[in-house]
Chemist: 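The following block contains the structure, expressed as structure tokens.
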Amino acid sequence: MWKTDVKELLDSTDVQDPTDFPPSSTAPGLRALDSALRCNICQELYEAPVVLTCGHCFCSLCARNQISVKPACPSCWKEAAISSFRINPAMEEAVTAWKDARRFVLGMVNEALKAQATASESLRPSKRRKPNSHSVGVISSFASPQRKSGRSDTPSTPKERRNLDVGTSDDDIEQDVFSGSEPLASNSNIECPVCAKSVPMARINDHLDSNCKHYLSSGKTASSSKSGQKDAWSKLLDGKKSGKEKEKADAEPDTPLPKASYTVLKDRQIRDLLAAHDLSTVGDRAQLIARHERWVALYNANLDRSPALRKRSAELRVELRRWEEDRRGSRKEPLKTDIAEYRRANKAEFDKLVQLARPKSDRPSESSSRGEGDDRGESSRRLKGPAVASGDAIMVDSDAEG
Amino acid sequence: MSVVYSRRLKKELQEIQIEQADPAKRAAGIQLLQADDLKTWYFSIEVLGDSLYKNETFHLMVRFDPEYPFKSPAVQFVVSDKVKPPIHPHVYTNGHICASILGDDWSPTLSVMAICITIQSMLASCKKKELPEGNDDYVRTAPDNPKKTRFVYHDDTV
Ligand SMILES: [Zn+2]
Ligand SMILES: [Zn+2]
Ligand SMILES: [Zn+2]
């Protein structure tokens, strides 16, 4: 009876972990490899990895969280301080490559095992992570349409792709992607994924940048129908060009924010600190401090990524907001689901656009990464404009992801 | 709890499930009884082999707060008509446990299963069934949540 509850809880998400791979007796090294690229605190693939003085490596944000509780390495208890963090770009690069390779390798391993099992009934595929899905689930997910698109493509190297992402791709591609879609209807409104208010589509980035304060649409409400809503988002997300311009305008400094000594600050001064970063200034003193502390951690942890992988401030603001909502336990579940669904629903559309862009270019297609749902938004964030970036932040860790 | 860390908790749950389905990996004597959400889980704990707690079964309640895994979960034995806490020098009759892994020695790299195993071995190594010193006083004034208690650990082995 309790098992049903547990199953429901786990079915709502696709949790990745090293046991997705067979044990070393069947597939030597794969489990260990997947596990070596994961942070021992959050158990996710490293995000902005940093090395402490003891040599242990964690996600920057995880390590910052730990140090705010106890200034010591959680693995060996040696003293640790944020000021002595060292970034680990080599690990970051390995993780980026592994994110691309993981699903592919998993698929190959499982196909090999399947072949073996067919050949000899005595060799069973190794146990899968989901007790209820078993090997059938793995194999079928490997053969799912998303997978196929990934496999049929010429794989692009992470470096090439990264170049595309930061907007150095030649305009040909973007033009093609553009002409493949309908012209942007700049007068239509969409619902902001953060505040749910109606915002002119063309202004959604600025709206998000303003922390949902500005650019609310006056009269008209957001496209009422669900499909209208999705269309609007789809056009916006495909509008790479505006995104690129935005990115340039929004070049951000990479100096870490200093820690504030809140004890000597008046409420008003803390509000000023928040306002300087376009953050909300509502709440009591404890909330203001918590918000600012968290912002400093998010902001500085983001700087521990390589420049090409950094998130934009607007994304970080969305993350901060989600964090506060989580803490209040008043999270708006439907919002997250809508965006995730939206992305799923539009996957085909994205792939089509990429196909359109392809013939005129020798550049390897990006759809392989797009097809991979388990990238946790990483590659899609890099591939699309800032509007997506903000949307992604909402679901970066979403349960529906994956 | 932030989403990243609720994912982590789901991973722990998944791992426990896999282990329980596989007798070769299962931590003998530890069973997940209930996990309706990511807030409260229940385990049953038995000490197998020779020990003072032979043939006794205890229930452990594990509660997570938003700061998990940076703060340890609140862990206590269930006290009800059906199940009683073990009589042990580090276990109060209200189910509260004095173990350093639940306090100073907690690390976010540990897991719920690590706690269960530690508590099981704390029982297994017990030499004498007796209540903690000052049990009655403690139980009379103890907060509902054992995490609000500042325990002085009785020794370094637990
Ligand atoms: Zn981490
Ligand atoms: Zn260390
Ligand atoms: Zn908004």
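Scope of the values below: all heavy atoms of this structure, side chains included, with no hydrogens, waters or symmetry mates. Each chain gets a letter, A, B and so on, in the order its sequence line appears, and its residues count up from 1.
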Chemist: Taking every heavy-atom pair that is under 4.5 Å apart, which of A:Val69, A:Ile41, A:Leu61 has the most such pairs with chain B?
Modeler: A:Ile41

Chemist: My understanding is that only residues two or more places apart in sequence, or in another chain, count here; which of them pass side-chain contact (heavy atoms from CB on, under 4.5 Å) with B:Asp137?
Modeler: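 Scan of B:Asp137 (side-chain contact (heavy atoms from CB on, under 4.5 Å), adjacent residues dropped) gives B:Arg140.
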
Chemist: For B:Ser44, what residues pass the side chain to side chain donor-acceptor pair (under 3.5 Å) criterion, not counting sequence neighbours?
Modeler: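 If we apply the side chain to side chain donor-acceptor pair (under 3.5 Å) test to B:Ser44, skipping adjacent residues, there are no hits.
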
Chemist: Go through the atoms of A:Cys62 and report whether side chain, backbone, both or neither lie under 4.5 Å from a heavy atom of chain B.
Modeler: both

Chemist: Give, as side chain, backbone, both or neither, the part of B:Glu12 having an atom under 4.5 angstrom from any heavy atom of chain A.
Modeler: neither

Chemist: So B:Phe58 and B:Phe77, would you call those rings parallel, tilted or perpendicular, with 30° and 60° as cut-offs?
Modeler: perpendicular

Chemist: Can we say A:Arg291 and A:Glu324 salt-bridge, meaning some charged N sits less than 4.0 Å from an Asp/Glu carboxylate O?
Modeler: yes

